[in-house]
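Only this structure's heavy atoms are used, side chains among them; waters, hydrogens and symmetry mates stay out. Since the model is a prediction, treat every value here as computed from it, not as a measurement.
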Amino acid sequence: MPAFFYKLTPASQRCYLKSDSTINFEGFDPNQAVKQRLNDLMAALESGTLRTVQECASALMAELCRGFNVPPIHLEVRGVRPHNARGELHGLFRLSKPPEILLWMKTAQRHEVVKPRTFLRTLLHELCHYLDYSKLHLEDSFHTMGFFKRESFLVRSLLGRTPPRANSLNLR
């Protein structure tokens, strides 16, 4: 366990452990509507138009929420990522009333549209925070190993498995 775990309250420790032990979203199988919205989003990111990316990302999020049987969440796509000495902010989940997700579609330094897979992974990362509360009914959303496994599960569910890179193959 990370050092901060031992500083958490007993209730937060239980929440952390529950999050860590949940590695996927059982029963999730993206339907044809989700796959179509995903294709629309990938094409929109190639075009680089903020309004189109906003519309397509919101449509995908609505379908995903419908598939998870959770209330829809407001999603806002913005242009250039905010940054500071520590790095760039890719996305943000706010547990406000109602909850919302903010995503940025352009890099801070070059103002280039991010790669579609990077944008999707960020969208799914923020969705995982939302699902921690709305689907798993956790009291908090920690970055546990289980959290990152759930995120990867969603990426694989939507994009399929990525073949290993050539330099990582064990060729004999």
Side-chain angles (χ1 to χ4, degrees), residues 11-12 15-16 18-83 87-108 113-160:
S12 291
C15 176
Y16 186 97
K18 184 176 178 185
S19 172
D20 198 42
S21 67
T22 307
I23 61 171
N24 64 30
F25 294 102
E26 232 174 274
F28 175 71
D29 187 20
N31 62 26
Q32 195 56 43
V34 168
K35 292 175 184 174
Q36 182 58 54
R37 299 296 177 265
L38 175 62
N39 288 337
D40 294 345
L41 176 60
M42 295 296 122
L45 286 162
E46 293 296 331
S47 79
T49 307
L50 179 62
R51 182 177 177 175
T52 307
V53 172
Q54 170 70 53
E55 290 169 356
C56 293
S58 293
L60 174 60
M61 186 62 74
E63 286 297 334
L64 288 168
C65 288
R66 194 173 357 273
F68 281 110
N69 199 28
V70 297
I73 184 169
H74 175 73
L75 178 121
E76 181 180 337
V77 179
R78 296 182 177 175
V80 178
R81 292 175 178 162
H83 68 286
E88 298 180 8
L89 186 59
H90 295 221
L92 183 65
F93 169 75
R94 290 184 180 161
L95 188 61
S96 52
K97 301 252 186 227
E100 63 182 335
I101 292 175
L102 302 175
L103 300 174
W104 286 269
M105 64 175 272
K106 293 186 178 184
T107 61
V113 175
V114 299
K115 301 287 185 215
R117 186 178 177 98
T118 301
F119 186 88
L120 178 66
R121 185 172 274 285
T122 302
L123 182 148
L124 296 174
H125 177 97
E126 304 308 334
L127 174 62
C128 279
H129 283 300
Y130 177 56
L131 294 174
D132 279 356
Y133 294 100
S134 62
K135 184 79 175 163
L136 301 179
H137 306 290
L138 299 175
E139 293 80 37
D140 207 339
S141 182
F142 293 103
H143 283 148
T144 64
M145 290 301 292
F147 176 91
F148 290 110
K149 287 179 181 179
R150 291 190 299 279
E151 176 190 317
S152 292
F153 168 80
L154 289 178
V155 172
R156 284 190 313 276
S157 295
L158 293 178
L159 296 179

(Q) Under the rule for side chain to side chain donor-acceptor pair (under 3.5 Å), what residues qualify as partners of H74, not counting sequence neighbours? (A)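 Scan of H74 (side chain to side chain donor-acceptor pair (under 3.5 Å), adjacent residues dropped) gives none.
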
Q: Among H143, H129, R156, R121, find the residue that satisfies the side chain to side chain donor-acceptor pair (under 3.5 Å) test when tested with E151.
A: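 Considering H143, H129, R156, R121, a side chain to side chain donor-acceptor pair (under 3.5 Å) with E151 is found only for R121.
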
Q. Given I23 and F153, is the side-chain contact (heavy atoms from CB on, under 4.5 Å) satisfied, shown in steps?
A. CA-CA 8 Å; I23 61 171; F153 168 80; over 6 Å; no

Shortest non-hydrogen contact from [X] to [Y]?
X    : Y   : answer
A33  : E63 : CB-OE1, 3.5 Å
P99  : I73 : O-CG1, 3.3 Å
E126 : F93 : OE1-N, 3.1 Å
F142 : C15 : CE1-SG, 4.0 Å
C65  : P71 : SG-O, 3.8 Å
D40  : C56 : O-SG, 3.7 Å

Could you measure the distance from the [atom1] atom of [X] to the [atom2] atom of [Y]? Nearest 0.5 Å is fine.
X    : Y    : atom1 : atom2 : answer
T107 : H83  : OG1   : NE2   : 10.0 Å
L64  : S157 : CG    : OG    : 10.0 Å
T122 : L127 : OG1   : CG    : 12.5 Å
Y133 : L95  : OH    : CG    : 5.0 Å
S152 : F147 : OG    : CZ    : 10.0 Å
L159 : L124 : CG    : CG    : 8.0 Å

**Q.** Pair V34-L60, side-chain contact (heavy atoms from CB on, under 4.5 Å): steps then yes or no
**A.** CA-CA 6 Å; V34 168; L60 174 60; 4.0 Å; yes

Q | Validation row: E46, P116 side chains within 4.5 angstrom (heavy atoms) | A |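 With C-beta onward as the side chain, the pair touches.
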
Would you mind listing every salt bridge (charged side-chain N to carboxylate O under 4.0 Å, His left out) that reaches into [range], with sequence neighbours excluded?
range            : result
residues 130-147 : D132-R150
residues 18-27   : none
residues 87-104  : R81-E88, R94-E100

Would you give me the side-chain donor-acceptor pairs under 3.5 Å for residues 47-54, sequence neighbours excluded?
residue	atom	partner	partner atom	Å
S47	OG	A44	O	2.7
S47	OG	T49	N	3.4
R51	NE	E55	OE2	3.3
Q54	OE1	V77	N	2.6
Q54	NE2	S58	OG	2.8
Q54	NE2	L75	O	2.8

Q: Give a yes or no on whether N69 atom CG has more than 12 heavy-atom contacts from other residues, nucleotides or ligands under 6.0 Å away.
A: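 It does not: N69 CG has 12 such atoms or fewer within range.
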
Q) Does any pair with a residue in residues 37-73 pass ring-ring contact (aromatic ring centres under 6.0 Å, His included), and if so which ones, sequence neighbours excluded? A)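 Of all non-adjacent pairs touching residues 37-73, those that pass ring-ring contact (aromatic ring centres under 6.0 Å, His included) are F25-F68, F28-F68.
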
Q.
Working note: R117 + V155, criterion side-chain contact (heavy atoms from CB on, under 4.5 Å); need CA distance, chi angles, decisive distance, verdict.
A. CA-CA 9 Å; R117 186 178 177 98; V155 172; 3.7 Å; yes

Q) Yes or no on side-chain contact (heavy atoms from CB on, under 4.5 Å) for L131 and L136, after CA distance, side-chain angles and deciding distance? A) CA-CA 6 Å; L131 294 174; L136 301 179; 5.7 Å; no

Q.
Taking the six-membered ring for Trp, are H90 and F119 closer than 6.0 Å centroid to centroid?
A.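 No, the ring of H90 stays outside the 6.0 Å limit from the ring of F119, centre to centre.
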
